[in-house]
Student: 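Pasting in a structure now, in structure tokens, and then I'll have a few things to ask.
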There are 2 protein chains.
Amino acid sequence: MTPNADDAAAPDAGEDRALNPRRAAILEAVVTEYIDTAEPVGSSHVANAPGIQVSSATVRSEMVALEREGYLTQPHTSAGRIPTDKGYRFFVDHLASPGVLGPGQRRRVTQFFDQVHGEMETVLERATGLLSELTSYASVVVGPSHESSTIRSVQLVGLSSAHALLVVVLSDGAVEKRTIELVEGTDEDTLARAGAFIGTQLVGRTLSEPWSVPPSGSPAIDALVRSAGAAFDDLEGAMDADKVFVGGPARLAESFDAVETVRSVLAILEQQLVVVTLLRDVLDRGLSVAIGMEHGYEPLSSCAVVVAPVSIDGQDLGAVGLLGPTRMDYPHAMAAAHVVGERLGQRIVGGHDGGH
Amino acid sequence: MTPNADDAAAPDAGEDRALNPRRAAILEAVVTEYIDTAEPVGSSHVANAPGIQVSSATVRSEMVALEREGYLTQPHTSAGRIPTDKGYRFFVDHLASPGVLGPGQRRRVTQFFDQVHGEMETVLERATGLLSELTSYASVVVGPSHESSTIRSVQLVGLSSAHALLVVVLSDGAVEKRTIELVEGTDEDTLARAGAFIGTQLVGRTLSEPWSVPPSGSPAIDALVRSAGAAFDDLEGAMDADKVFVGGPARLAESFDAVETVRSVLAILEQQLVVVTLLRDVLDRGLSVAIGMEHGYEPLSSCAVVVAPVSIDGQDLGAVGLLGPTRMDYPHAMAAAHVVGERLGQRIVGGHDGGH
DNA sequence: ATCTGGCACTCGGTAGACTTGAGTGCCAGG
DNA sequence: CCTGGCACTCAAGTCTACCGAGTGCCAGAT
């Protein structure tokens, strides 16, 4: 083994250095081919690929180097190579051409946003459908958090003689409610006044701001305020857990053929909190893709996650994500996530209900 | 073949007639064994089963008859028998012992209902988790419809200069909202008055009741009433689509090992409307189990659905369902669905928020 | 100093032959 | 009418041979 200029002396030294252009080309050929066929790709395939002008023997020796450096791996001797996570990573970072949606898909997106109407939640929910349809991967959408929204209205509505509903409206259009129990014989009027009274104290504040309501002078109202306060705390806790929408879980079963993989990935998707954390983590690290074990979730080790922020000039409004096999079509998935994220952002600030 | 008393002369005549007790016992043995092992069961297994006092040869000839009558089938010659849908059906209707939850599971249910709190939606959602945990099948819960609930409060809340939120509270504690657009310069006070005015007209009615709001005298308010009216219609449409909660989809991947089956069943579960219709259909036919193709959904042909109403003295409050392979543990699943359905019913009418 | 064609070698996958064993259908005798 | 016995069937497992895609290495060409 004559060590030469661009061979990393130790397997894990010189990590991020750009690959020798030929090797890069070979890596690219392997990745694209493998994404396409899901079969290990051999040296002769690569040698025939456009842009490779060397013989298969040369390709082979370069592949040995790429394998030594951790970009490729062999499922077994005498099989072709498949990319490692690191190989995909290099591909995504340095090789993949930006990727655009086809005209049909572009139209589909436009049509979707022209036609969809209704509340934010509905739009987000439907957006997961759109993303899955565009990419045929499972998708995830996280809505904007309520932390900077202010309380717009607080109301107490009687439901029965023993129950009332605390209804809180935020400036972003979110509505939350909690049932509270009443002491026997609370009349409608007292309720309304207690609601109004709480309102005067809370309207204009954010959910997280500490608050207290002074005594009102009426013991009946004060009692109501106390139970409403407890309900309010509960509600406040529930609202800063961002709501997650999952779309196209059935697509997972298309992406993987090991039923066990499907099971464990579905199990992850059931845990909303994990999903949000995952997406946020990836975004916070400034990435748009997490491949294999790059996020820390073992059951997702055979998955890649493509993430795009939903934001408008820096303001964080949520995130969209796509979940597929590591051999997913990154350029396309990234383009889809990006476009949908962007349009969602516009929609959210643009108008609560554009058309209709 | 000497036709004797209990042989049906033609394969599909004499359908529902009770099976000869020995055949019933054999069928039962086959079904329970197959549910347990998922392997075709042979005559000698059956002959050794408790309650069967005849030789394997006799069992064999009875099995031939059972096969002829459509209760059993052979995957191939020289394999054991497995039950057909009809076989499962007979088992469920005439053979299965009622089925009870184990003490641990019973405790789990009690604990769940003691501890769960919060709004109906939350309870229903969590209940799917409980059901999946109890049975390790995917579960479905459909909440009560709002059709007989009356409107308890209508409110218009300003969100921005151009948008307001119509918030409607029903007597069952449900809250729905729609964004409406405002003409420039609508002030807070006009909004509140328009809301109150709509309220005076709608409070006390059901959602489906036709309604109209007379002119108020103020053109500004009338304009608001018109846009709120449109929003209200939209909301009304959305609310009589019952909300469905799906739990433990990951369990599906445990129940089936053909990934294609998993995919198509997941795809069905994504269509909420289909799920509701399916459950309602089954309940309406007075059944608690639908096996294989008994419901009309081709992709679910390898599934069985166990359904239990959520009701209290005849009042329909929804339904719970379990979705598993046809070789599911019917007695256990039925017991679980029944218990959870019952407790949910009590919870719904009993108190909106029991403990906490 | 590199690339290339050639060559021996590896090894997964497939196909065929054979064996095993569970299970059946049928029948003659109790 | 039941039973034990027997011949038969067929899926699944094992073994072997073989093919072919693919590799690593090397000697010679550029």
Side-chain angles (χ1 to χ4, degrees), chain A residues 1-7 11 19-23 25-27 29-31 33-34 36-49 51-69 71-84 87 257, chain B residues 1-7 19-23 25-27 29-31 33-34 36-49 51-69 71-84 87 257-258:
Chain A
M1 244 167 277
T2 45
N4 62 23
D6 37 44
D7 269 27
L19 238 34
N20 159 344
R22 192 169 69 188
R23 284 189 194 163
I26 290 174
L27 177 56
V30 173
V31 173
E33 178 78 6
Y34 185 69
D36 206 46
T37 64
E39 309 244 299
V41 0
S43 55
S44 52
H45 271 288
V46 174
N48 293 333
I52 308 282
Q53 304 297 350
V54 295
S55 77
S56 66
T58 309
V59 171
R60 277 203 289 282
S61 69
E62 294 291 48
M63 279 171 135
V64 172
L66 283 167
E67 183 164 3
R68 186 167 7 100
E69 291 168 29
Y71 295 99
L72 295 178
T73 186
Q74 265 182 307
H76 53 85
T77 344
S78 90
R81 305 303 208 285
I82 65 179
T84 60
D257 34 38
Chain B
M1 243 162 277
T2 45
N4 62 23
D6 37 45
D7 269 28
L19 239 32
N20 160 343
R22 192 169 68 189
R23 284 190 194 162
I26 291 174
L27 177 56
V30 172
V31 173
E33 178 79 5
Y34 185 69
D36 205 47
T37 65
E39 308 243 301
V41 1
S43 54
S44 51
H45 271 287
V46 174
N48 294 333
I52 308 280
Q53 304 298 349
V54 294
S55 77
S56 67
T58 309
V59 172
R60 277 202 288 283
S61 68
E62 294 291 47
M63 279 172 137
V64 172
L66 284 166
E67 182 164 7
R68 185 165 11 97
E69 291 169 30
Y71 294 98
L72 296 178
T73 186
Q74 264 181 309
H76 54 84
T77 343
S78 91
R81 305 300 209 286
I82 64 180
T84 60
D257 35 37

Student: Measure across Leu66(A) and Leu27(A) and return the closest heavy-atom pair with its distance rounded to 0.1 Å.
Tutor: CD1-N, 4.2 Å
Student: Can you measure Leu72(B) atom CG to dG25(C) atom C1' for me and round it to whole angstrom units?
Tutor: 16 Å
Student: What is the distance, to the nearest angstrom, from the CZ atom on Arg23(B) to the C1' atom on dC2(D)?
Tutor: 14 Å
Student: Round to the nearest Å and state the distance from Glu62(A) atom CD to dC25(D) atom C1'.
Tutor: 15 Å
Student: Among the candidates dG12(C), dC26(C), dT23(D), find the nucleotide nearest to the side-chain atoms of His76(A).
Tutor: dG12(C)
Student: Could you check which of dT4(C), dT24(C), dT3(D) has an atom nearest any side-chain atom of Gln74(B)?
Tutor: dT24(C)
Student: Should Arg68(A) be listed as having a side-chain N or O under 4.0 Å from OP1 or OP2 of dG24(D)?
Tutor: no
Student: Just call it for Ala79(A): base, sugar-phosphate, or nothing, with non-hydrogen atoms closer than 4.0 Å on any strand.
Tutor: sugar-phosphate
Student: What I want to check is whether an N or O donor and acceptor connect the side chain of Ser78(B) with the base of dT9(D) at under 3.5 Å.
Tutor: yes
Student: Using the side-chain heavy atoms of Arg60(B), tell me which of these nucleotides is nearest: dT10(C), dC6(D), dG5(C).
Tutor: dC6(D)
Student: Kindly point out which of dG5(D), dT4(C), dG24(D) is positioned nearest to the side chain of Val64(A)?
Tutor: dG24(D)
Student: Rounded to whole angstroms, how far apart are OH on Tyr34(A) and P on dA21(D)?
Tutor: 19 Å
Student: Check whether any side-chain N or O of Glu62(B) sits under 3.5 Å from a backbone N or O of Arg23(B) as a donor-acceptor pair, and report yes or no.
Tutor: no
Student: Whole Å only: how far is the CD atom of Gln53(A) from the P atom of dT30(D)?
Tutor: 19 Å
Student: State, to 0.1 Å, how close Ala79(B) and Gln74(B) come at their nearest heavy-atom pair, and which atoms those are.
Tutor: O-NE2, 3.1 Å
Student: What is the distance from CG of Asn20(A) to C1' of dT2(C), rounded to the nearest Å?
Tutor: 13 Å
Student: Asn48(A) CG to dG22(D) P: how many Å, rounded?
Tutor: 11 Å
Student: Looking only at side-chain N and O atoms, does Ser55(B) offer a donor or acceptor that is under 3.5 Å from a partner on Thr58(B)?
Tutor: yes
Student: Calculate, to the nearest 0.5 Å, the distance between atoms CG and CD1 belonging to Leu72(A) and Ile82(A) respectively.
Tutor: 9.0 Å
Student: Taking only side-chain nitrogens and oxygens of Arg22(B), does any of them come within less than 4.0 Å of OP1 or OP2 of dC2(D)?
Tutor: yes
Student: Distance check needed: dG22(D) C1' versus Leu66(A) CG, whole Å only.
Tutor: 17 Å
Student: So, does Ser56(B) get its side chain near the phosphate of dG23(C), meaning an N or O under 4.0 Å from OP1 or OP2?
Tutor: no
Student: Report yes if a donor N or O on one partner sits less than 3.5 Å from an acceptor N or O on the other, where the partners are the side chain of Thr77(B) and the base of dT9(D); otherwise report no.
Tutor: no
